[in-house]
Amino acid sequence: MSRKPLVPIEIFKKRRAKLASQFKGAALILTANPEFERNHDAGYEYRQDTNFFYMTGFEEPESVFVFRPGCKPETTLFVRKRDPLRETWDGFRFGPEGAKKEFEMDSTHEISQLSTILPDLLKEVGQVYYRLRKDAHWDQEIMKAIEENKKNEGRSGKGLLAIHDPSVVIGEARLIKSEEEKQWMRKAGEISANAHVEAMKFVRPGVNERHVQGVIYNSFYQQNSPRVGYNAIVASGANACVLHYIFNDQECKDGDLLLIDAGAEYNYYSGDITRTFPVNGKYTTAQKQVYEKVLYVQKAILKMIKPGVLFEELQNTTIDMLTNALIELKLLKGKKEDLIASKEFRKYYMHGVSHWLGMDVHDAGLYQVGGKSRALEPGMCFTVEPGLYIPADDATAPKEFRGIGIRIEDDIIVTEDGCEILTSKVPKEINEIEALMGCQAPPVR
Ligand code: GLY
Ligand code: MN
Ligand code: MN
């Protein structure tokens, strides 16, 4: 039994070549995510550290990657050794030989060699890029190597090497998606959208939120997604007012709305979709009133997107429009400008309208550069997700709106003159949703 890299290795070589100048004269050290034991021999689902995968394509734990642009070897990967007994229990390992060949590294070693070989790899460099304080085990190993390297001070003239956080440099590279990455984002969006459609067709009064979650996850797996991008939020009724509701264990009731926020991963890229629709397939007048306001804003923001627009303009416009909506719905009283200045709108709209999207659902990349909001550029990928949340116990809200929580979320890539919506396969117009849900099964008895 053997395995192959998930995606062509050329992609990782290209990424390294692109970042080489930024790490010149330094060693970039990336470490694999740890495995977490749940109980006895059962572990939590494993997923590689995002930056580690971004630069190597290697998915095994207990691995360390050292990148020294311009030095020999330029790429070094420390991996677990082959172990027939462990592989019988836990599955295939590439081992140093397999990792060298399949991942096209200049040099590979067993991870047990790290403490002897890493200090040597640091001899030729002037600084280290390593993310401290994420993993105490690796911190200790890397610090030991840096300390060991300092023993050369008398000959090298270099003291303790400076340590920089590589997150910003790699994050900026991850922000602009390449053609392959755009394809994977489209695929993650499509898988996620198909699953939302399945859920809409399935939901009916009496089903449990958990059952709906199962329909979504089943659809993800059937479409060859290995895992979710984040834990799905399946929130019926007033549960939707909890932004990251995770219990997903209540009955979906006739007359309530259901908010589903779920996204699949594909090749380490994530979708992130929210739809809010009636459990019984038909919006009430009050639900329609709030839904239409949120949808209007969502479509307006999508229309704004094009290169040059500032990221913060999306948020400011959302706040402006939603505050208007809150006044029209009689949820807030007063002048729009005052309600914005006093931040009173936050009672009903308390999150950002967008976040970068990519390998992490809340992806890497700066939102501000030089203290100023960033301008949009082709290849950036983000969500558009306005929402309104009216707490069930809000005595000041008109009765018919209490307990309504609505969010509508799509994923986009910025293009040369606008944006490409990756998740439009799942309906969001009221008539389209009601038509789709018309084919629902009878109520659960
Ligand atoms: N799913 C989390 C978010 O929409 O930001
Ligand atoms: Mn989101
Ligand atoms: Mn979401």
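Both ligands and their constituent atoms are indexed starting at 1 by order of listing. Residues: numbered from 1 along the sequence shown.
For ligand 1, the 4.0 Å heavy-atom shell takes in Tyr230, His244, Asp261, Asp272, His355, His362, Glu385, Glu409, ordered by chain and residue number.
A donor-acceptor contact shorter than 3.5 Å is absent between the side chain of Ser225 and the backbone of Tyr221. Counting only distance, with no hydrogens or angles, the side chain of Glu420 and the backbone of Thr415 share no donor-acceptor pair below 3.5 Å.
Protein atoms of type N/O/S that fall under 2.8 Å from the Mn ion (ligand 3) number 4 in this view.
Remark: the Tyr389 side chain and the Arg407 side chain contain an N/O donor-acceptor pair separated by less than 3.5 Å. Under the 3.5 Å distance criterion, with hydrogens and angles disregarded, a donor-acceptor pair is assigned to the side chains of Glu59 and Tyr268. With no hydrogens or angles considered, no side-chain donor-acceptor pair links Asn224 and Tyr266 at under 3.5 Å. Remark: the Lys428 side chain and the Gln298 side chain contain an N/O donor-acceptor pair separated by less than 3.5 Å. If you check the side chains of Tyr230 and Asp272, you find a donor sitting under 3.5 Å from an acceptor.
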**Request:** Walk me through it: do Phe94 and Phe92 pass the test ring-ring contact (aromatic ring centres under 6.0 Å, His included)?
**Result:** CA-CA 7 Å; Phe94 281 96; Phe92 175 79; 5.0 Å; yes
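At least one N, O or S atom of His355 sits under 2.8 Å from the Mn ion (ligand 2).
For His211 and Phe202, the gap between ring centers is short of 6.0 Å.
Test Phe53, Trp184, Tyr54 against Tyr269 for ring pair (Phe, Tyr, Trp, His ring centres under 6.0 Å) and you get one pass: Trp184.
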